[in-house]
Amino acid sequence: MSKRWPETGARAKAASAPWSEIVVVCAKCAKRQGVRAKAVRGDIKRELKRGQPGRKVRVVETGCLGLCPKRSLTFATTASLRAGRLIVVDPATAPDALVQALVPAPAADPA
C-alpha cells in the first residue's frame, strides 16, 4: 500500500481517543417518554463513576436512531453496534440496571 494519499480522497489522520467505549442515547425517544436525554446521560455517567470507576466510557445524546419503540428508550453501544443491534430499555429502569444492560462490568479474571 502506498504511503501517498489518493489524489481524489480526503486527507484524514487518526488520533487516540480518551475513551474505549461509547453509549449513544436517542434524544427523540427520551423526549417522547417525557425524559430529558441529558438527565439519562447524567444518570449513566454518575452510575459508571460510582460502580465502575476508571472505566473510560463516553456517553452522548444523538438524534433519532431510527427504531422508535413505543414506551421505551433506544441506545447504541460499542458492542451492540458491532453486533448490528440497538438496545431498547424501559425508561423506568434504575440507573444501576441500565448501566449493567448497556456496559456490563468486565468479567473477573479467574485466578
Side-chain angles (χ1 to χ4, degrees):
M1 183 170 184
S2 172
K3 291 187 178 187
R4 286 188 47 190
W5 289 95
E7 296 299 323
T8 59
R11 295 179 186 255
K13 294 181 181 181
S16 62
W19 34 270
S20 58
E21 297 177 74
I22 190 165
V23 174
V24 180
V25 181
C26 178
K28 185 176 178 183
C29 286
K31 183 178 179 180
R32 288 177 61 189
Q33 298 310 310
V35 180
R36 287 184 34 239
K38 286 187 190 310
V40 174
R41 182 176 157 256
D43 287 348
I44 294 169
K45 289 175 74 171
R46 272 190 297 284
E47 186 59 34
L48 279 166
K49 284 182 183 179
R50 188 187 69 73
Q52 300 179 34
R55 190 146 182 204
K56 303 293 185 188
V57 180
R58 173 72 65 159
V59 183
V60 296
E61 55 187 278
T62 187
C64 185
L65 291 172
L67 184 59
C68 300
K70 292 185 179 185
R71 296 176 293 283
S72 297
L73 300 174
T74 304
F75 297 88
T77 65
T78 309
S80 73
L81 292 173
R82 194 175 301 121
R85 301 284 186 197
L86 294 173
I87 300 169
V88 179
V89 180
D90 184 337
T93 303
D96 59 334
L98 179 61
V99 167
Q100 190 60 31
L102 297 173
V103 283
D109 200 18

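For clarity, every value in this text was computed on a predicted model and none was experimentally measured. What you see below is based on every heavy atom in this structure, not just the backbone, and it leaves out hydrogens, waters and symmetry mates.
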Pair up each side-chain donor or acceptor in residues 73-87 with any protein partner under 3.5 Å, not counting sequence neighbours, and list the distances.
unit_1: Thr77; atom_1: OG1; unit_2: Ser80; atom_2: N; d: 3.0
unit_1: Thr77; atom_1: OG1; unit_2: Ser80; atom_2: OG; d: 3.3
unit_1: Thr78; atom_1: OG1; unit_2: Ile22; atom_2: N; d: 2.9
unit_1: Ser80; atom_1: OG; unit_2: Thr77; atom_2: N; d: 2.8
unit_1: Ser80; atom_1: OG; unit_2: Thr77; atom_2: O; d: 3.2
unit_1: Ser80; atom_1: OG; unit_2: Arg85; atom_2: O; d: 3.2

State plainly whether one hydrophobic cluster holds both Leu65 and Val89, where clusters connect Ile, Leu, Val, Met, Phe, Trp and Tyr through side-chain heavy atoms under 4.5 angstrom apart. no
Do Val25 and Thr62 have side chains that get closer than 4.5 Å, going by heavy atoms? no
When rounded to the nearest 0.5 angstrom, what distance separates CZ in Arg55 from NZ in Lys49? 15.0 Å
Extract all donor-acceptor atom pairs below 3.5 Å that involve side chains of residues 90-101 and protein atoms in other chains or at least two apart in sequence.
unit_1: Asp90; atom_1: OD1; unit_2: Ala92; atom_2: N; d: 2.9
unit_1: Thr93; atom_1: OG1; unit_2: Asp90; atom_2: O; d: 2.7

Tell me, please, which residues at least two apart from Arg58 pass salt bridge (Lys or Arg N to Asp or Glu O under 4.0 Å). none
Would you please name every residue forming a salt bridge (Lys or Arg N to Asp or Glu O under 4.0 Å) with Lys31, sequence neighbours left out? none
Is there a side-chain contact between Cys68 and Cys29 (heavy atoms, below 4.5 Å)? no
How close do Cys26 and Cys64 get, counting heavy atoms only, and between which atoms? SG-CA, 3.8 Å
With Arg46, which residues qualify under salt bridge (Lys or Arg N to Asp or Glu O under 4.0 Å), at least two apart? Asp43
Look at the side-chain heavy atoms of Ile, Leu, Val, Met, Phe, Trp and Tyr, link any pair under 4.5 Å apart, and say whether Val59 and Val24 land in one connected group. no
Non-neighbouring partners of Arg32 that pass salt bridge (Lys or Arg N to Asp or Glu O under 4.0 Å), sequence neighbours left out: none
Side chains of Val23 and Val60: does their closest heavy-atom pair fall under 4.5 Å? no
Run the salt bridge (Lys or Arg N to Asp or Glu O under 4.0 Å) check on Lys38 and Glu61 step by step: do they pass? CA-CA 7 Å; Lys38 286 187 190 310; Glu61 55 187 278; 3.7 Å; yes
Interatomic distance, Lys13 atom NZ to Arg11 atom CZ [nearest 0.5 angstrom]: 9.5 Å
